[in-house]
Amino acid sequence: MQQKIRFQIEGMTCQACASRIEKVLNKKDFVESAGVNFASEEAQVTFDDSKMSVADIAKIIEKTGYGAKEKTEDTLPQPEAEHHIGWRLWLLFAINIPFLIGMAGMMIGRYDWMIPPVWQFVLASIVQLWLAIPFYKSAWASIKGGLANMDVLVTIGTVSIYLYSVYMLFFSPHAAHGMAHVYFEAGVMVIGFVSLGKFLEHRTKKSSLNSLGLLLKLTPTQVNVQRNGEWKQLPIDQVQIGDLIRANHGERIAADGIIESGSGWADESHLTGESNPEEKKAGGKVLAGALMTEGSVVYRATQLGSQTLLGDMMNALSEAQGSKAPIARVADKAAAVFVPTVVGIALLTFIVTWLIKGDWTVALMHAVAVLVIACPCALGLATPAAIMVGMGKAVKHGIWFKDAAAMEEAAHVDAVVLDKTGTLTEGRPQVAAVYCVPDSGFDEDDLYRIAAAVEQNAAHPLARAIVSAAQTRSLEIPTAQNAQTVVGSGITAEVEGVGLVKAGKAEFAELTLPKFSDGVWDIASIVAVSVDNKPIGAFALADALKADTAEAIGRLKKHNIDVYMMSGDNQGTVEYVAKQLGIAHAFGNMSPRDKAAEVQKLKAAGKTVAMVGDGINDAPALAAANVSFAMKGGADVAEHTASATLMQHSVNQLADALSVSRATLRNIKQNLFFAFFYNILGIPLAALGFLNPVIAGAAMAASSVSVLGNALRLKRVKID
């Protein structure tokens, strides 16, 4: 049986590390697919659990030189520890200071600022023989695994500089005359700059790129729980399902639950992206992470931890951020051959420079600069860094993408297919117009009272809409007795003080409707009413458009996206709604199979299609589309089939999703361009001697940080 498992990977230093783990896992016959995300430091493996266990896969990863810890959905992601500069990095900084001063002096002709060669040797030895050991371990593990990583380049370069300088200081014929040229500062500063770059990269990946840390802060660590009739302050991990919990003004909800008492307003924007607070009162629901902006409630916990909607979102975000977008294959293919190619270029640089310059010292410096300037880290971070930020931004707007591939595909969408009921409309009928028969003796309020008296005995959505409308008018509804349903026609009842009332189809109530100028009567559902077999009026009930639907359609058109509406309703109703919204392509009387077939036609015509729906009948079309969006709380099969979930039941969120996706893809392309351009420019400059190893080391560290910085710009991108 196929099983999907996620691992947190420890010890990766660049994209080559991730590629190596992927290569090892994908060679196993029991692994269907394996992907490793360098930015999120996560592996996702689909395998046959009848042939191999999760523990065995973890051991395979560990044999490649990395730690692997299984990630499950049973518990929420754990908060990251603060990333402080450790003693190793502080010591490296301290050792770099005298070399930095010396190099600054050389730039202005003060060579006496550099410390004596023997002291350079002592400090460089501390770095190369002790502080650089993590680089050596990583490089050796990488070589054993068959793929060289960034640490291999750094190790070859700095060790070469160190050994050369030791030779020149103690064994060169020039050493006895104090004329030896040593470059201890180059190796020390390269190790220092690269270590600083790794620290900044790791801190950014863990704290700034990932939105999980912000979500974790939404759950309170201490809550007021009622135990044995008393209120006690308890840690969140001691709360149990069924406990009564109190949340006061300014506090966050700790669990999904049902309100037992109290009232107030809660901000649930962390889940829905909707900034307007929701009113909360007895019998209503509260969601973990919501902030009580007003009032106080006591609620009974029904779901805890990963079982809450917040927990589900966090696990979904974690998995989505750990997945890989198809565009990442470009970087993966490049990273797989990157390091061996760079080593070859460095060797060629050494030979050619030696032949031309006749000085193997200069040749060595050029070759080392090539090794150090070349960094596959920026290449490996280009795609996943942007995906992580983009996913987090989408979640803040109430959009849950299942994986990175869905987000990338959404960026290419040029055709959107929308279901009508529940997507463009509210999904519940409302009274759109009322007709009273002239000279019947009953006015509009009478019509509402009499119809509601009968319809409150029915369960049909149209009946509920009429009763609700009467209650909204604060009308006193009379008593009805002996209610009887006539299948396919309507309902009858004896209404106190009125007589025998019929409510249902026009012919059932013996009503002939006049020709109306208001087009709503042509597309609405009609409920006619008669008293003692004499018609007194009728209601036109229609499914109202959502308030922001027209705005959303306008946004889609602004980006040259063709909009199609497909519905099971009759063609007249569909065309009426389409005309209101300015949708040119509207199809009615569509079966689920018809919708899926039409989506396939659009794809065959070269369109990248997004489908939006919320019902069981939308599932085939959702599956057929390039990328699909389901409304949260709709049919389970629709949510399961869709590529993403919209929390607000709003087409505006679809426009948001496509906008975020386009911005993310642009950012990825910018990152890839920068990473490739950096190496295309940097390696030749280093080979020609325009960059010494120290500058190359600083530039290499800056390249990764720059890519991460560009990815973080996504947080400030405006959604249009």
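As the structure is a computational prediction, the values presented were derived from the model and not from experiment.
Side-chain contact between Thr46 and Val31 is absent, with no heavy-atom pair separated by less than 4.5 Å. Looking at heavy atoms from C-beta onward, Val166 lies out of side-chain contact with Leu169 at the 4.5 angstrom threshold. No side-chain heavy atom of Glu409 sits under 4.5 Å from any side-chain heavy atom of Ser643. Counting only heavy atoms from C-beta outward, the side chains of Val413 and Lys607 never approach each other to under 4.5 Å.
Not counting sequence neighbours, the partners of His559 by the side chain to side chain donor-acceptor pair (under 3.5 Å) test are Arg662, Asp720. The side chain to side chain donor-acceptor pair (under 3.5 Å) check on Asp49 picks up nothing, with sequence neighbours excluded.
By the neighbour-count criterion of 12 heavy atoms within 6.0 Å, atom CZ of Phe30 is densely surrounded, having more than that number from other residues, nucleotides or ligands. Within 6.0 Å of the NZ atom in Lys28, the count of heavy atoms belonging to other residues, nucleotides or ligands does not exceed 12.
Taking CD1 of Ile95 as the start and CG of Leu131 as the end, the distance is 5.0 Å to the nearest 0.5 Å. Here the CG atom belonging to Asn26 is positioned 6.5 Å from the CD atom belonging to Glu22, to the nearest 0.5 angstrom.
With hydrogens and angles disregarded, a donor-acceptor distance shorter than 3.5 Å links the side chain of Thr349 to the backbone of Ile345. A donor-acceptor pair is defined here as one N or O able to donate and one able to accept, closer than 3.5 Å; such a pair exists between the side chain of Lys393 and the backbone of Val717. Side-chain atoms of Thr353 never come within 3.5 Å of backbone atoms of Phe350 as a donor-acceptor pair (strictly under, hydrogens ignored).
Applying side-chain contact (heavy atoms from CB on, under 4.5 Å) to Val188 and the options Asn96, Leu92, Ile126 leaves one that passes, Asn96. Checked options Leu371, Ile373, Leu688, Thr341; the residue passing with Ile683 is Ile373 (criterion: side-chain contact (heavy atoms from CB on, under 4.5 Å)).
Taking the six-membered ring for Trp, Phe99 and Phe184 have ring centres at least 6.0 Å apart.
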May I have the list of side-chain donor-acceptor pairs in residues 665-674 shorter than 3.5 Å, sequence neighbours left out?
{"unit_1": "Asn667", "atom_1": "OD1", "unit_2": "Asn671", "atom_2": "ND2", "d": "3.2"}
{"unit_1": "Asn667", "atom_1": "ND2", "unit_2": "Asn710", "atom_2": "O", "d": "2.8"}
{"unit_1": "Gln670", "atom_1": "OE1", "unit_2": "Asn710", "atom_2": "ND2", "d": "3.3"}
{"unit_1": "Gln670", "atom_1": "OE1", "unit_2": "Arg713", "atom_2": "NH1", "d": "3.3"}
{"unit_1": "Asn671", "atom_1": "OD1", "unit_2": "Asn710", "atom_2": "ND2", "d": "2.7"}
{"unit_1": "Asn671", "atom_1": "ND2", "unit_2": "Ala382", "atom_2": "O", "d": "3.0"}

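Ring-plane geometry between Trp360 and Trp354 is classed as tilted, the angle between the planes lying from 30 to 60 degrees on a 0 to 90 degree scale.
Under a 4.0 Å N-O distance rule, the pair Asp656/Arg555 qualifies as a salt bridge.
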